[in-house]
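Here is the structure we will look at.
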2 protein chains.
Amino acid sequence: MQHEVLVAVFQKRDDELCVLLWQRALAPESGTWSLPGGALGADEDLPASATRQLAEKVDVQELAHLEQLSVFSDPHRVPGPRTIASTFLGLIPSPSDPHLPPDTRWHPVSDLPQTSFDHGVVIRHARRRLAAKLSYTNIAFALAADEFTMSALRDLYTCAIGHAVDTTNLQRILRRRGVITPTGKTAPPGRAGGWPAALFRFTESRLRVTDEFAVLRPPV
Amino acid sequence: MQHEVLVAVFQKRDDELCVLLWQRALAPESGTWSLPGGALGADEDLPASATRQLAEKVDVQELAHLEQLSVFSDPHRVPGPRTIASTFLGLIPSPSDPHLPPDTRWHPVSDLPQTSFDHGVVIRHARRRLAAKLSYTNIAFALAADEFTMSALRDLYTCAIGHAVDTTNLQRILRRRGVITPTGKTAPPGRAGGWPAALFRFTESRLRVTDEFAVLRPPV
DNA sequence: ACAAAAGTGTTAGTTGTACACCCATGG
DNA sequence: CCATGGGTGTACAACTAACACTTTTGT
């Protein structure tokens with residue numbers, strides 16, 4: 001019984017949420033696109049393995065967040081010896097361009113190529129998890145730049161969550177929760193003019209739940 | 001490399017949330033209390049294995065809900081050959097008393113005995129997950145009876161979530177979300193008198209998220 | 001001057017909590 | 001007729017979505 005790790009690595013690129021995939025050269029399912037990953041090593045746990053695989057195979061170093069998703073354990077999920085897959089969600093900040101091997105490419109999640117085995121399901125799971133956590137945690141820190149304008153952050157939320165987001169309300173929510181902090185600095189306006197935008201940063205760069213109990217919260 | 005399944009099975013018993021544990025007779029860690037589970041079979045996936053183990057070893061048949069928690073993969077989490085543990089949360093409805101082997105017993109989660117290996121961590125994870133899901137899903141269906149009064153349901157929430165819950169508001173929330181439905185019937189009052197309580201049932205008996213987006217919800 | 005982009009403010013609606021009050025029943 | 005406990009209603013606070021208006025800047 002084998003054990004592999006699969007990571008759905010997301011990054012925002014050109015106003016699209018993208019996922020990192022590599023194209024299989026050999027059978028089975030040659031030509032289809034796979035998630036990065038590989039066999040679990042003898043003396044590492046799953047998160048360590050995921051980090052190592054990404055560093056080794058696709059030169060991804062700047063992983064800002066990594067979390068476990070579910071385990072895929074169908075005895076016949078892949079041909080050959082039985083292999084259990086532990087899947088992960090990985091996030092990379094936006095202005096960063098890791099060096100990729102030639103068979104590896106970023107694909108917009110809205111337009112995926114044919115994926116290998118059950119990897120398409122994994123990607124959908126990961127995307128749902130990301131969208132959900134954007135609304136009650138500070139997880140966006142792992143996709144954003146160190147410093148950013150509100151409109152950049154709005155674009156990030158918009159493409160990651162899949163629908164329009166109001167900049168004003170987004171700022172209100174994130175500031176009240178203490179998720180973002182103004183730096184005091186401003187960014188120069190674009191070439192079309194406009195008010196110089198204030199710069200913000202995420203207060204923390206570790207996952208934190210910011211809206212734990214929507215209802216049935218404990219009494220004060 | 002071995003792969004085992006561990007299940008934290010919860011039930012409300014006597015106004016206490018309880019978890020099912022069995023006491024190890026042999027080394028290692030003899031005398032400590034363990035979660036039910038065992039090795040993953042060659043031709044079953046993880047949920048099937050969890051269900052089978054419970055049915056075989058502790059005669060638990062009425063599992064109303066089962067979901068995956070995280071995987072414990074520390075190479076040295078247990079002595080002997082390396083064993084990866086996939087953990088699950090299992091729920092059993094309240095008026096039900098499965099036949100248990102002599103070494104197996106229900107333990108209130110507020111007063112756990114000494115647990116084996118990392119099983120204590122698993123129990124805490126499971127409990128947190130349950131408490132969280134009570135507030136945004138209909139997961140309580142798996143702990144409640146077929147029909148119940150609001151005060152019975154309030155007691156269930158109170159002991160599962162760990163703090164007082166207002167009956168009136170609980171009913172309002174759950175009815176608005178369509179989680180519970182009145183049956184029209186009433187229960188006779190207790191021996192001290194009082195208004196006969198209305199009976200309700202859960203609208204669905206499959207997990208459903210009822211409060212997906214607390215904020216940043218999609219436009220109508 | 002004008003358009004673009006960001007800041008400011010307001011309104012209205014929803015949701016949840018806390019709490020007071022009313023009513024049916026058994027002793 | 002009273003205590004008990006469930007039902008009904010209201011007041012209040014918190015939050016959010018939607019959107020109009022104002023201000024600064026580059027062309």
Side-chain angles (χ1 to χ4, degrees), chain A residues 15 134-137 147-158 161-200 209-220, chain B residues 15 131-132 134-137 147-158 161-200 209-220:
Chain A
D15 277 303
L134 279 172
S135 87
Y136 67 93
T137 72
E147 301 197 338
F148 48 84
T149 65
M150 277 314 297
S151 55
L153 191 62
R154 185 230 318 127
D155 290 344
L156 171 61
Y157 271 79
T158 299
I161 216 171
H163 64 78
V165 174
D166 183 291
T167 320
T168 306
N169 297 332
L170 182 64
Q171 184 182 150
R172 232 196 306 264
I173 291 168
L174 297 182
R175 291 188 68 168
R176 172 148 30 102
R177 295 182 177 176
V179 172
I180 59 176
T181 316
T183 64
K185 291 182 273 185
T186 58
R191 60 183 64 91
W195 189 312
L199 287 171
F200 294 83
V209 174
T210 57
D211 190 25
E212 187 139 24
F213 296 98
V215 296
L216 306 178
R217 41 183 171 272
V220 288
Chain B
D15 279 302
L134 280 172
S135 88
Y136 68 92
T137 72
E147 302 195 337
F148 47 84
T149 63
M150 278 313 299
S151 55
L153 191 63
R154 186 231 316 128
D155 289 345
L156 172 61
Y157 271 80
T158 300
I161 217 172
H163 65 77
V165 174
D166 182 292
T167 321
T168 305
N169 297 331
L170 181 63
Q171 183 181 152
R172 229 197 308 266
I173 292 169
L174 297 182
R175 291 188 68 168
R176 185 186 10 227
R177 296 182 177 175
V179 172
I180 59 174
T181 316
T183 63
K185 289 182 274 186
T186 58
R191 62 184 62 95
W195 190 313
L199 287 172
F200 293 82
V209 174
T210 58
D211 190 26
E212 189 138 25
F213 296 99
V215 296
L216 305 178
R217 40 180 170 271
V220 288

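If you're wondering where the values come from, they're calculated on a predicted model, not measured in any experiment. Letters A, B, ... mirror the listed sequences (proteins, then strands); counts begin at 1. Note that these values count all heavy atoms, side chains included, but never hydrogens, waters or copies made by symmetry.
Going from atom CG of B/L199 over to atom C1' of D/dG7 covers 14 Å, rounded to whole Å. For the pair B/L174 CG and D/dG7 P, the computed distance is 14 Å after rounding to whole Å. Between the CE atom of A/M150 and the P atom of C/dA4 there is a distance of 22 Å, given to the nearest Å. A straight line from CD of A/E212 to P of C/dG16 spans 17 Å, rounded to a whole angstrom. Rounded to a whole Å, the CZ atom of B/R172 is 12 Å from the P atom of C/dT15. Remark: C1' of D/dA17 and NE2 of A/H163 are 12 Å apart, rounded to the nearest angstrom. Atom P of nucleotide D/dT8 and atom CG of B/N169 are separated by 14 Å, given to the nearest angstrom. In this structure, the CD atom of B/Q171 is 8 Å from the P atom of D/dT8, given to the nearest Å.
OP1 and OP2 of D/dT8 both lie 4.0 Å or more from every side-chain N or O belonging to B/R175. Not one side-chain nitrogen or oxygen of A/R217 sits closer than 4.0 Å to the OP1 or OP2 atom of D/dA13. At least one side-chain nitrogen or oxygen of A/R176 sits closer than 4.0 Å to the OP1 or OP2 atom of D/dT16. For B/S151, a side-chain nitrogen or oxygen approaches OP1 or OP2 of D/dG6 to under 4.0 Å.
B/L199 places none of its side-chain heavy atoms less than 4.5 Å from the side chain of B/T186. Counting only heavy atoms from C-beta outward, the side chains of A/P182 and A/R175 approach each other to under 4.5 Å. Under the 4.5 Å side-chain criterion, counting only non-hydrogen atoms from C-beta, A/Y157 is in contact with A/L170.
For B/T168, counting side-chain heavy atoms from C-beta on, the closest listed nucleotide (C/dT17, D/dA18, D/dT8) is D/dT8. Relative to the side chain of B/P196, the nucleotides D/dG7, C/dA18, C/dT25 differ in distance, and C/dT25 lies closest. Looking at the side chain of B/W195, the nearest of the listed nucleotides C/dA5, C/dC19, D/dG6 is D/dG6. Closest to the side chain of A/A198, from the set D/dT16, D/dA18, C/dG7, is C/dG7.
Residue B/A131 comes nearest to B/I161 through the heavy atom pair O-CG1, 4.2 Å, listed as atom of the first residue, atom of the second, then distance.
Each of B/A197 and B/L216 was matched to the nucleotide of DNA chain D holding its nearest heavy atom; the match closer to the 5' end belongs to B/A197. Take the nearest nucleotide of DNA chain C for A/R154 and for B/R177: the residue whose nucleotide is more 5' is A/R154.
Distance alone, capped at 3.5 Å, is enough to place a donor-acceptor pair between the B/T210 side chain and the B/Y136 backbone.
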